[in-house]
Visitor: 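For reference, the structure I am asking about is given below.
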Amino acid sequence: MADLRELLAGPVLEVAPLLLGAAFTHGGVTVRLTEVEAYDGPHDSGSHAFRGRTRRNEVMFGPPGHLYVYFTYGMHHCCNVSCGPEGEPSAVLLRAGEVVDGIETARSRRPGSTDRDLARGPARLCRALSIDLAENGLDLADRLELADPRRFETGPRVGLRHAADRPWRFWLPGEATVSRYVPAKPRVR
DNA sequence: CCTACGATCGTCT
DNA sequence: GACGATCGTAGGT
């Protein structure tokens, strides 16, 4: 198989579906990715990198194959795989997966959850894998085992106010762990 | 099944 | 000072 970093250096819309079915291991738990979203740096008003480089998003500008972790809503972490050539701030958000190894550990991190929901959703996935800001910038070589997704579907991204129309969410058909589509809530007041 | 709401704080303006 | 690439709970159908 070609070098992981080389594969991830391609355009984000080509890299995103490549991650479907991939096994991602961290913190003693392995997840098989079932749903991801593409974020295309400066061309994408939904991207954290749309207004340029900041301290938070600098991993997106670095080499491909590294983890970009951010903290949101005062309580949740979400993680992305940086991709595209160095200097181009694109990334793929890991939205959901199926726990395929270390399930007892994952259960202990999310007490009361059903097995299906352990890594269903970007913040739950980070919780199941014990990922927080300490993992920002982590090199994913040896943690990501790419599969060969023969078939996938695409549709609008979840929960964004801007550029919500772009069909840049990718998922494996028929997977129980794929989130239902929830459009962003309009602001009142 | 579904929709509505609020928690809570780092980041950027 | 405003807002968010979310989630869990509450309550209705």
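Below, chain A is the first sequence line, B the second, and so on; all start at residue 1.
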Visitor: Counting only side-chain heavy atoms from C-beta out, which of C:dA5, B:dC12, B:dG10 sits nearest to A:Tyr68?
Guide: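 Closest of the options to the side chain of A:Tyr68: C:dA5.
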Visitor: Can you measure A:Ile131 atom CD1 to C:dT6 atom P for me and round it to whole angstrom units?
Guide: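 Atom CD1 in A:Ile131 sits about 16 Å away from atom P in C:dT6.
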Visitor: Are any of A:Arg169's side-chain N or O atoms less than 4.0 Å away from OP1 or OP2 of C:dA5?
Guide: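 Checking C:dA5 against A:Arg169, no side-chain N or O comes under 4.0 Å of OP1 or OP2.
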Visitor: Taking the side chain from A:Asn136 and the backbone from A:Val69, do they hold a donor-acceptor pair closer than 3.5 Å?
Guide: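 It does hold such a pair.
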Visitor: Have a look at A:Arg157 and say if it touches a base, only the backbone sugar-phosphate, or nothing, with a 4.0 Å heavy-atom cut-off.
Guide: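 No contact.
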Visitor: Quick one: is C:dA2 close enough that its OP1 or OP2 comes under 4.0 Å of any side-chain N or O from A:Arg161?
Guide: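 Indeed not, no polar side-chain atom of A:Arg161 lies that close.
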Visitor: If you check every side-chain atom of A:Arg124, which of C:dA5, B:dC12, C:dC7 has the closest atom?
Guide: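 So the side chain of A:Arg124 is nearest to C:dC7.
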Visitor: Tell me the interatomic distance from A:Trp168, atom CH2, to C:dA5, atom C1', rounded to whole angstroms.
Guide: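 My rounded result for the distance is 14 Å.
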Visitor: Using the closest heavy atom to pick a nucleotide of DNA chain C for each, name whichever of A:Arg110 or A:Leu160 lands nearer the 5' end.
Guide: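 The residue closer to the strand's 5' end, by nearest nucleotide, is A:Leu160.
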Visitor: Could you tell me which nucleotide pairs with B:dT8 by Watson-Crick or G-U wobble geometry, both distances under 3.5 Å, or answer none if nothing does?
Guide: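 Answer to the pairing question: none, since B:dT8 forms no Watson-Crick or G-U pair.
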Visitor: Rounding to a whole Å, what distance do you find between A:Phe50:CZ and B:dC12:C1'?
Guide: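 For the pair A:Phe50 CZ and B:dC12 C1', the rounded distance is 15 Å.
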Visitor: If you check the A:His76 side chain, which of B:dC9, C:dT6, C:dG8 turns out closest?
Guide: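 For A:His76, the side-chain atoms sit closest to C:dT6.
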Visitor: Of the nucleotides C:dA5, B:dC9, B:dT8, which one has an atom closest to the side chain of A:Phe71?
Guide: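 Taking heavy atoms from C-beta onward, the closest nucleotide is B:dC9.
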Visitor: Rounded to whole angstrom units, what separation is found between the NE2 atom of A:His77 and the P atom of B:dC9?
Guide: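 Whole-Å distance recorded here is 12 Å.
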Visitor: Are any of the side-chain nitrogens in A:Arg110 or A:Asp115 under 4.0 Å away from the carboxylate oxygens of its partner?
Guide: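 No, this pair does not count.
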Visitor: Distance check needed: B:dT11 P versus A:Arg53 CZ, whole Å only.
Guide: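 So the two atoms are 16 Å apart, to the nearest Å.
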Visitor: Between A:His26 (side chain only) and A:Leu129 (backbone N and O only), is there a donor and an acceptor less than 3.5 Å apart?
Guide: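 Yes, because the side chain of A:His26 sits within donor-acceptor range (under 3.5 Å) of the backbone of A:Leu129.
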Visitor: Is the base of C:dA5 stacked against the aromatic ring of A:Tyr39, taking ring centres under 5.5 Å apart and planes under 30° as the test?
Guide: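 A stacking contact exists, since A:Tyr39 sits close and nearly parallel to the base ring of C:dA5.
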Visitor: Could you tell me whether A:Gly46 contacts a base, only the sugar-phosphate backbone, or nothing, with contacts defined as non-hydrogen atoms closer than 4.0 Å?
Guide: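 It contacts base atoms.
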Visitor: For the pair made of CG in A:Asp165 and C1' in C:dA5, what is the distance, rounded to whole Å?
Guide: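 My rounded result for the distance is 15 Å.
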Visitor: Separation of A:Leu67 atom CG from C:dA5 atom C1', in whole Å?
Guide: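 After rounding, the gap between these two atoms is 14 Å.
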Visitor: Does A:Asp44 offer a backbone N or O that forms a donor-acceptor pair with the side chain of A:Ser47 under 3.5 Å?
Guide: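 A pair under 3.5 Å: no.
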Visitor: Quick one: which of B:dT13, B:dG10, C:dC7 gets closest to the side chain of A:Arg51?
Guide: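 Of all the options, the side chain of A:Arg51 is nearest to B:dT13.
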Visitor: Send over the distance from A:Asp117 CG to C:dT9 P, rounded to a whole Å.
Guide: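 Taking CG of A:Asp117 and P of C:dT9, I get 11 Å after rounding.
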Visitor: For the side chain of A:Asn57 and the backbone of A:Gly52, is there at least one donor-acceptor N/O pair under 3.5 Å apart?
Guide: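 Yes.
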Visitor: Just wondering, do A:Tyr73 and B:dA7 stack (centres under 5.5 Å, planes under 30°)?
Guide: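 No.
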